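FYI, side chains are in, hydrogens and waters are out, and symmetry mates aren't considered; it's all heavy atoms of this structure. As the structure lists them, so they are numbered: ligands from 1, and atoms in each ligand from 1. Note that the structure is a prediction, hence the values are computed from the model and not measured.
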Amino acid sequence: FKGNPKDMPGKSIYFPKNIHDVLEKRYLLKDETGRVVEDPEGMFWRVARAVSMAETFYESDPLEVEREFYHLMSSMEFLPNSPTLMNAGTPMNQLSACFVLPVGDSVTEIFNALKYMALIHKSGGGVGFSFSKLRPCGDVVGSTAGIASGPLSFMRIFDVATDVIKQGGRRRGANMAVLSVHHPDILEFICAKNVPVEGEGSNPLENFNLSVAVDNEFMDKLAFDEDKHDNNLTGNLTKEGSPGSDKSKKKLNGSYYILNPRTNKIVGHLNAKEVFDLIVENAWRTGDPGILFMDEINRMNPTPASGKIEATNPCGEQPLLPYESCNLGSINLAGMVKNGTVNWNKLENTVKTAVHFLDNVLDVTNFPTSLIKTETLKNRKIGLGVMGFAEMLIMLNVPYDSDEAVETAVEVMKFIQDHSKKASEELGRSRGSFPNFKDSLWCKKGFKAMRNATTTTIAPTGTISIIANVTSGIEPLFAVSFIRNVMNGTELLEVNSLFEKTALERGFYTEEIMDAVACKGSIQDVDGIPEDVKRLFVTAHDIKPEWHVKMQAAFQRYVDNAVSKTVNLPHHTTKADVRRIFLMAYKLKCKGITVYRYGSKTEQVWYLKEFK
Ligand code: UDP
């Protein structure tokens with residue numbers, strides 16, 4: 001097709017009203033009076049056109065590519081991350097979701113990071129920071145002979161600034177704060193969400209996810225105490241950072257060092273088990289902190305010559321070097337099944353076009369600052385992932401909590417990984433490799449060219465999965481029916497369409513049964529539903545927590561970056577369960593782990609009808 005894509009014959013895209021509302025509120029362009037001035041097709045054409053413009057740099061035909069990209073998105077087989085859908089082809093034109101900014105130990109560096117954060121939030125991106133280089137609270141300030149206020153105090157400034165920017169009302173600012181387990185303020189950090197701060201209301205640091213950066217040394221020290229573990233907190237950690245008043249308990253072998261980052265000197269020791277238990281306790285109470293396994297992240301760092309990775313983006317799926325950014329996109333796996341089997345041909349073609357799309361994004365995006373542009377283009381990281389894995393499994397007749405599901409995860413992700421590498425290698429040959437290629441793991445592994453230092457990431461797909469009408473990322477069904485709290489005050493009642501279809505086909509669709517399902521979310525205790533259907537439509541709370549971790553680890557095996565996975569736990573989950581999950585994630589070589597216990601946050605995105 002040559003000519004103006006607007007004139008191209010094509011079927012109009014139908015969205016149910018609730019999804020259309022999301023598009024109108026967040027994605028479709030509006031004029032100065034707030035009137036919506038494009039329809040969903042117009043949005044996909046706008047994005048396709050803007051992203052295909054990169055072709056002009058490589059002397060290929062943008063019109064053909066534009067049409068290919070339009071089809072890729074409008075068929076819902078692939079969607080790029082929200083900033084691309086929102087901003088492509090607009091004066092803003094900032095298309096990436098993930099950024100990491102360094103925070104240096106000086107007022108100038110801290111407030112530079114704050115300024116860059118504001119610019120990134122304004123454009124719809126999320127930012128991760130490592131605060132580990134900041135001198136601790138109570139340390140000296142040389143130039144003023146004053147006392148340092150520490151990482152936590154500065155995080156509060158970043159938090160308030162995030163509230164103020166609010167990303168033009170379309171996307172809330174999201175941040176990740178990482179602190180090394182060796183930092184002197186680590187105990188305060190671990191408890192930061194659990195200790196209301198004066199004047200801040202009951203939800204401190206609400207624009208931050210927190211992650212403790214642990215290393216293998218810490219985990220080894222923890223193993224030393226494992227056999228004596230009784231699943232109870234000893235309760236003798238004090239806020240000042242002393243691991244306990246009873247010195248006899250402080251066994252040297254279970255203790256690890258605490259380092260002042262300003263002087264690089266060891267200033268004390270903490271007991272690994274007690275610190276770990278405090279992490280578990282707080283994660284159980286509030287969902288924060290999560291853990292990042294930094295040695296595993298750096299073991300897989302594709303460009304070690306460029307330095308160590310210290311932080312990830314807000315939801316943890318994208319480890320990045322300072323000032324790097326990454327654009328994500330996800331394949332809708334529900335669209336990759338035909339007659340009960342995976343349509344490998346279609347998946348292969350989708351991967352190829354998606355990699356091409358994401359690589360183009362790097363050429364056309366308007367980076368928030370020149371430093372971010374320089375650092376990002378050295379490695380050209382992209383993050384292709386998936387959504388609708390739960391639906392794929394149901395269509396393949398495989399229950400999520402089964403070995404067969406884990407094997408399917410490995411098979412599908414390995415396929416995507418292999419073909420994304422092939423696509424990136426081809427682009428590398430025609431367009432040139434990423435500038436750091438010669439020093440990268442890919443070159444060492446024998447690749448002759450590679451366009452992108454990473455190609456795969458499993459994003460949470462929080463909003464794009466709503467547009468595609470599938471379960472987010474690699475999560476199991478959250479509930480067979482549930483109310484989704486989309487944006488301030490907007491609520492959607494959703495019944496899983498595959499379940500509805502099955503109920504009709506198998507003849508158990510009655511108002512009584514559908515009402516009972518809508519109340520409970522889970523179908524396990526609803527009478528009148530066949531056992532095999534109950535087995536297939538398991539929800540996040542029906543399955544044992546271990547399956548969440550096994551699934552995360554299965555995907556991680558064939559993902560360059562990391563895997564966003566919320567280990568959704570029922571309210572009655574114990575601290576011992578959380579502890580077990582964290583240790584299992586480490587053993588299975590996950591790059592990080594987060595848990596979320598139902599009802600442990602005052603405002604959550606999903607909830608079941610009966611809890612309302
Ligand atoms: N993100 C953000 N604000 C939000 C949601 C997400 O800044 O309200 C960023 C964050 O870095 C997150 C990434 O976008 O890790 C991807 O999130 P998700 O896949 O949920 O975004 P979607 O593209 O579905 O909107």
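- When only interatomic distances are considered, the shortest N/O to N/O separation between A459 and ligand 1 does not fall below 3.5 Å.
- Looking at ligand 1, you won't find any N or O of S465 less than 3.5 Å from one of its N or O atoms.
- The distance criterion of under 3.5 Å between nitrogen or oxygen atoms is not met by L328 with respect to ligand 1.
- Aromatic rings of F131 and F158 (six-membered ring for Trp) have centroids within the 6.0 Å cut-off, being under it.
- For the side chain to side chain contact (heavy atoms under 4.5 Å, CB included) with V103, the qualifying choice from V178, N112, I110, L114 is I110, the only one to do so.
- Comparing heavy-atom distances from atom 10 (C) of ligand 1 across S330, S96, S123, P314 singles out P314 as nearest.
- Under the side chain to side chain contact (heavy atoms under 4.5 Å, CB included) rule, L95 has a single partner from N327, N87, N366, which is N87.
- Every atom of ligand 1 is numbered from 1 in the order shown, and the set under 4.0 Å from a heavy atom of T463 is 22 (P), 24 (O), 25 (O).
- K115 NZ: 12 or fewer foreign heavy atoms inside a 6.0 Å radius.
- Remark: aromatic rings of F69 and F44 are distant, center separation not under 6.0 Å.
- Listed by number with element, the atoms of ligand 1 under 4.0 angstrom from any heavy atom of G126 are 7 (O), 11 (O).
- Considering backbone and side-chain N/O of S82, one or more are found under 3.5 Å from N/O of ligand 1.
- Taking only nitrogen or oxygen atoms, main chain and side chain alike, G173 does not reach within less than 3.5 Å of ligand 1.
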